[in-house]
Every structure is written in C-alpha cells, then in structure tokens.
Amino acid sequence: MTFPAPGSAPIRVRFAPSPTGIFHVGGARSALFNWATAKQQGGIFVLRIEDTDASRNQPEWVDGILSAMEALGITKADATFEGPYFQSENAGVQRAAAERLFADGKAYYCDCTRDVLVARTGNQQTGYDGFCRERGLEHAEGRALRFRTPDEGETHVVDLIRGNPVFPNSTLEDFVIARGDGSPVFLLANVVDDVDERITHVVRGEEHLPNTPKQQLLWEALGATPPVWAHLPVIVNEKRQKLSKRRDKVALEDYLADGILPAAMVNYLMLLGWAPGNDEEILPFEELIRRFRLEDVNSASAFFDIKKLTAFNGEYIRALPVDEFTAACDPWLHAPFAPWDEASYDPAVFAAVAPLAQTRVAVLSEITANVDFLFLDEPVVDEQSWNKAMKVGAAELLADVRAVLVDAAWEAETLKDTVTVVGEKHGLKLGKAQAPVRVAVTGRTVGLPLFESLELLGRERTLARVDAALARLAASAETAEGAETAGSAGVDAPASAG
RNA sequence: GCCCCCAUCGUCUAGUGGCCUAGGACGCCGCCCUCUCACGGCGGUAGCGCGGGUUCGAAUCCCGCUGGGGGUACCA
C-alpha cells in the first residue's frame with residue numbers, strides 16, 4: 001500500500017527548500033509535484049524552510065520563496081498548505097534526537113579530522129573508516145557525532161518512481177549527524193523534522209537518492225516508520241547536466257520577468273517527467289492535479305526546453321481575453337522596461353492595438369518591440385530592414401504615397417486602398433508597395449498590420465516619418481553621387497542619416 | 001575510485017507482451033490563408049543505443065555491454 005486506504009489518516013508531503021536567494025525552476029517543479037500529490041489525495045502540503053546553514057540564510061529570501069510559490073498557485077490561503085516551519089527553530093528537538101541516538105549506542109563521538117582520516121587510510125576519496133567506533137569517546141567540544149551504520153544486510157527503500165532500490169549496508173559509512181559544536185547536520189535535521197511533521201511521503205529530487213538509505217536508517221533508529229519515497233528525475237540543460245545556478249538560467253523570477261505567464265510555467269513544469277496521457281498537454285492546473293500520479297512520473301532526466309516553454313506561453317497568451325492580455329502587458333509598457341517616456345504612452349492606443357499584438361508575442365516582454373513606434377517620437381530604424389525595403393524606386397513610391405496621404409480619409413481600409421493604387425502605378429503589388437511605408441513609419445520590415453497602425457498613429461506623425469525617410473533617401477543619393485564624382489568608388493555611403 | 005539512478009523521434013513524452021505500419025507535442029521543412037510578420041489550417045521530416053536470452057510473439061520481461069547522469073563534506 002503506497003497510499004493510505006480511504007478513511008485512514010491523510011498523507012502529508014513537504015517541500016523543504018533552503019533559502020539560497022533564488023527560487024530554482026527545479027525546486028518549483030518539486031513544489032508543484034508535492035502540491036499536486038497533496039491536493040489530489042486530500043492531504044497536507046508542508047512548507048519547511050531549511051535555514052540551518054547561516055551562509056544560506058537571509059530573511060528576505062524566505063519572502064521570495066513564498067511569493068514565487070504564490071505565483072505558481074501554491075498558496076497559504078489553501079487549507080492544504082501548512083507552515084512555513086523553520087528548520088532552525090527545531091534545533092532543540094534535533095539535538096535531543098542526536099543525544100538519544102548516542103545514549104542508545106546508535107551513534108558515537110569521533111575526533112578524526114578529514115586530514116587525519118586521509119593520512120590514515122592513504123585514500124583521498126575514502127569514506128569514514130570507523131576508527132572511533134569502539135573508542136568509547138564521550139561528548140566533548142570538537143567531537144562530531146557519527147551514526148553507526150549496520151555492517152551487514154541491506155537497506156530496502158520504497159520509492160514510487162524508482163521501483164524499490166536496495167543498498168548494501170556495507171557501502172554505507174558511519175556518517176556525521178552532529179558537528180563538533182553539537183549542531184545537527186542536514187541528514188539528521190531533515191529526518192527529525194520530517195518525523196516531527198509526520199511526513200508520510202518524501203517527494204524530492206533524484207540528487208537525494210544516495211541519502212535515502214542513510215535517512216531511512218535514521219527514521220528506524222528514531223523509532224519511526226519510514227516514509228514512502230519518490231525521487232524525481234533531475235532537470236538538465238542542453239548538455240544533459242543538472243541545471244545549475246552558475247551556468248544556466250534557473251531562477252523562476254527571471255522567466256516571469258521575461259513575460260512567461262505563471263500558468264504556462266506551471267503547465268510546462270508539470271510535464272517535465274510526467275504526462276497527463278490522452279495526448280493532451282495544455283490543461284488547466286486543476287485538471288493536471290486531478291490526473292497527476294507520482295507512480296506515473298518518469299525516471300529519466302528531463303531537458304528544460306525553453307523553446308517548448310515559450311510555445312506553451314504563446315498558447316496561454318493567445319487564450320487570454322484581450323483585456324486580460326492588455327493588463328498582463330502593463331508592466332512592460334512602463335519604465336524601466338518601456339523605451340519611451342511615460343508622457344508619450346497612451347493606454348487607449350495600446351488597448352486598440354492589443355488584439356493585433358496578441359498573436360505576435362510568445363513572451364510578454366516582446367510587446368514593446370511590437371508597439372514602440374506608436375509611443376516613440378521617431379521609430380527605431382532597423383538598418384537591415386531599411387536596406388531591404390529602401391531599394392531603387394522606393395523614394396519615388398514614398399513620394400507618391402505621401403502625396404495621396406495628405407488628404408486621404410484616415411481610416412485603415414481607405415489607407416490600404418490608397419497604397420494599393422499607388423503601388424499599382426509603380427507596378428507593385430501591395431505586398432511590395434507597403435514595405436517602404438512600413439519601414440519609414442515603424443522602422444522595421446515586419447510588424448503589426450500596417451494600415452491599422454497608421455490609423456492609430458495619425459496623419460501628422462505618419463507624414464512626418466515619411467518625410468524623414470524621404471530626406472534620408474535624398475541624402476544618401478547625394479552622397480552616392482558625390483562619391484562617384486570624387487571617383488572614390490568602393491567607399492561605403494554612410495550607413496545612417498540620423 | 002566507490003555507491004546509485006537512467007536509456008522510445010533533436011527535445012518533452014504515450015506505450016506496461018499481440019491493438020505499434022511505434023501515437024501526440026515542441027522544433028524543423030513545405031503548402032494554404034495573407035499588406036509584412038504572426039495566428040490559424042493542411043502535409044512532411046525524424047525514434048525503440050548494442051548484444052544475448054525468455055516467449056508462438058518483445059519498445060514492453062531477464063542478463064551483459066555501451067553510453068549518459070547523480071552522489072560521495074563536521075553543505076543542504
């Protein structure tokens with residue numbers, strides 16, 4: 001029985017991050033899998049902050065964890081949520097457990113330093129050799145407390161994901177459970193807290209698998225019934241190495257800052273190592289929770305594919321009602337993300353283009369590049385686009401377009417017809433004819449539907465931009481001529497007129 | 001070194017002995033739609049690491065190999 005029968009005590013899972021400052025996407029997935037298990041089994045999700053290492057302990061980091069979890073939908077407001085507890089606050093219980101283990105003869109004091117051990121064994125990478133096992137050392141400052149592991153037999157562990165791994169006890173060294181200053185070490189503190197919080201299922205990353213036999217031995221030594229374990233596959237980068245803070249982009253907040261919607265992130269993360277079945281992928285959180293089964297989690301490592309994450313995000317963005325999309329974009333429409341002055345920004349104009357932009361952004365941060373020409377005094381001219389669109393004939397075309405724009409009815413459909421007609425005069429289809437206009441006005445060769453954009457920009461600003469483009473075209477034509485007259489062929493014309 | 005985990009398209013996965021001529025999604029390619037780009041629609045590309053077994057039958061079970069990964073602290 002891996003899960004309790006109906007009517008028996010509810011399961012209790014936990015998520016136990018150490019506050020390191022960033023909320024890792026791997027941690028996010030662990031939290032999500034724990035949360036899904038608890039919710040779906042009618043159990044409890046305990047949050048425990050493992051703050052025993054002073055160097056990994058800043059009060060504000062805890063707020064970061066809480067808010068990141070909140071963004072993922074794991075909220076204190078839910079009755080499933082319990083905590084947060086702080087590992088440091090349970091130090092007394094952990095020390096008492098260590099003393100009890102010593103009193104019971106299940107642990108002993110040791111004064112071997114690493115250097116002494118290496119010198120004695122002549123082996124740099126050896127585990128502890130048991131030197132102090134029978135020395136009967138009493139507690140004293142500087143002496144570590146070691147757990148006495150069995151010499152024979154094997155430790156069987158129940159793991160929902162890995163089939164049940166077996167560890168020969170002979171390979172388990174007498175590991176330290178309390179430091180020379182009496183403070184408990186992770187292996188012990190973690191178990192004592194789990195026992196204390198009556199955890200029934202430990203769902204965590206695969207990197208903890210080697211700790212499991214040691215911890216299970218500790219559970220037993222403490223007189224508690226060991227939990228059911230579930231070790232999730234590690235999340236890896238393109239080189240198939242565990243995602244690391246150093247080399248990879250792992251902070252959840254960085255993705256949110258790019259404009260990945262929390263719901264998309266949750267959906268994607270849930271699919272890393274697990275699938276809802278039925279060839280379905282994009283599903284609401286509640287549905288994912290409903291279908292989730294720890295037993296169905298894969299055991300092979302999973303690549304964190306930002307492209308697929310982005311694709312999911314695009315789906316979520318497009319599924320948003322326009323007003324929600326508009327609201328979601330808001331942070332990127334102001335300082336420090338927006339390249340325009342706050343005074344130039346017009347929410348009404350943005351609201352008008354939002355539906356056009358919605359299918360064109362995969363991450364929210366892309367929104368500014370789509371609409372910047374509407375709020376900037378002058379468009380940001382992409383030189384590649386300029387060179388591509390402003391070929392021979394462009395100046396003449398632009399001039400003709402300008403002429404009809406002066407008194408055309410300022411409405412998208414009419415503007416389109418106008419440019420179509422001018423284009424025909426030049427033997428160009430609309431697809432070709434619109435290009436110089438687009439670059440003159442928006443600075444780029446690709447973007448939102450042009451005529452709707454012009455309508456929103458207004459006649460005055462549109463004409464000013466066309467004039468500016470015409471001026472630049474004239475200037476570079478002169479330069480080219482001048483260069484010719486001077487006989488200095490091969491000298492490039494200035495790339496930009498301003 | 002020692003311990004452990006893992007192995008289906010490039011990637012995430014479905015698949016639990018016959019339903020598999022191996023399904024879906026992302027990516028990529030092509031076509032359609034179209035004022036550009038997207039969106040959308042349609043089509044395509046591509047995979048069971050290798051070798052032995054077991055079985056009437058193996059992607060599915062067993063063993064070995066190879067290849068990846070994780071752990072190995074008085075960090076968590």
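Every heavy atom of this structure was used, including side-chain atoms; hydrogens, water molecules and symmetry mates were not.
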Under-4.0 Å salt bridge between D248(A) and K242(A): no
Base-pairing mate for G67(B) - Watson-Crick or G-U, with both contacts under 3.5 Å: C6(B)
Atom-pair distance (CG on L243(A); P on G70(B)), nearest Å: 11 Å
Polar contact flag, side-chain donor to acceptor under 3.5 angstrom, N164(A)-H156(A): no
Between W229(A) and Q216(A): side-chain donor-acceptor atoms closer than 3.5 Å: yes
Distance-only side-chain donor-acceptor flag, S88(A) / D51(A), under 3.5 Å: yes
Face-to-face stacking of H208(A) with A76(B), centres under 5.5 angstrom, angle under 30°: yes
D196(A)-Y85(A) side chain donor-acceptor pair, cut-off 3.5 Å: no
Rounded distance in Å between the P positions of A25(B) and G44(B): 12 Å
Separation between the C1' atoms of C63(B) and G43(B), rounded to whole Å: 44 Å
Euclidean distance for C1', A38(B) against G47(B) (whole angstrom): 31 Å
Watson-Crick or G-U counterpart of G1(B), or none if no pair lies under 3.5 Å: U72(B)
Under 4.0 Å protein heavy-atom contact, by nucleotide of nucleotides 39-49 of chain B - B base, S sugar-phosphate only: SS---------
Give each protein N/O atom lying under 3.5 Å from an N/O atom of nucleotides 66-69 of chain B, with the pair distance.
none

Pair assignment for U11(B), Watson-Crick or G-U wobble, requiring both distances under 3.5 Å: A25(B)
Proximity of H201(A) and F33(A) rings by center, below 6.0 Å: no
Short side-chain donor-acceptor distance under 3.5 Å, E411(A) and T414(A): yes
Any-strand Watson-Crick or G-U partner of C48(B), both distances under 3.5 Å: none
Pair T113(A)-D115(A), side-chain donor/acceptor within less than 3.5 Å: no
Residue closer to the 5' end of RNA chain B, N211(A) versus F167(A) (nearest nucleotide): F167(A)
Main-chain N/O of F451(A) paired with K416(A) side-chain donor or acceptor, under 3.5 Å: no
Distance-only donor-acceptor check, side chains N169(A) and E154(A), under 3.5 Å: no
5′-ward residue of the pair V361(A)/P168(A) relative to RNA chain B: P168(A)
Interface with RNA chain B, restricted to residues 188-197 of chain A and to heavy atoms under 4.0 Å: none
Contact list for RNA chain B against residues 267-279 of chain A - heavy-atom distance below 4.0 Å: L271(A), L272(A), G273(A), A275(A), D279(A)
N267(A) (side chain) donor-acceptor with E281(A) (main chain) under 3.5 angstrom: yes
Pairs satisfying salt bridge (charged side-chain N to carboxylate O under 4.0 Å, His left out), at least one member in residues 419-448 of chain A, at least two apart: D372(A)-R444(A), D400(A)-K425(A)
Atom pair distance, as rounded to whole Å: CG in D296(A) and C1' in G15(B): 12 Å
For atom CZ of F312(A) and atom C1' of G24(B), their distance in whole Å: 11 Å
Phosphate OP1/OP2 of A76(B): any T52(A) side-chain N/O under 4.0 Å: yes
Sequence-aligned protein contact record of nucleotides 29-35 of chain B, with B where the base is within under 4.0 Å of a protein heavy atom and S where only the sugar-phosphate is: ------B
P spacing across the pair C61(B) / C6(B), given as an integer number of angstrom: 12 Å
Heavy-atom donor-acceptor pair, R48(A) side chain to F15(A) backbone, under 3.5 Å: no
Under-4.0 Å side-chain N/O to phosphate OP1/OP2 contact, N298(A) with A14(B): yes
Side-chain H-bond candidate by donor/acceptor type, R14(A) with N190(A), under 3.5 Å: yes
C1' spacing across the pair C9(B) / A46(B), given as an integer number of angstrom: 5 Å
Mate of G40(B) where both pairing distances stay under 3.5 Å, Watson-Crick or G-U: C32(B)
Watson-Crick or G-U wobble mate for U54(B), both contacts under 3.5 Å: none
R146(A) side-chain N/O to C74(B) phosphate OP1/OP2 under 4.0 Å: yes
Distance between P atoms of C56(B) and G51(B) (Å, rounded): 23 Å
Separation between the C1' atoms of C2(B) and G23(B), rounded to whole Å: 42 Å
Validation row, ring centre Y268(A) to ring centre F304(A) under 6.0 Å: yes
Heavy-atom side-chain contact between L294(A) and V203(A) under 4.5 Å: yes
Pair R95(A)-E99(A), salt bridge (charged side-chain N to carboxylate O under 4.0 Å, His left out): steps then yes or no: CA-CA 6 Å; R95(A) 283 175 190 251; E99(A) 279 161 25; over 6 Å; no
Aromatic ring proximity, centroids under 6.0 angstrom, F102(A) and Y109(A): yes
Span that lies between the P atom of U45(B) and that of G64(B), in whole angstrom: 38 Å
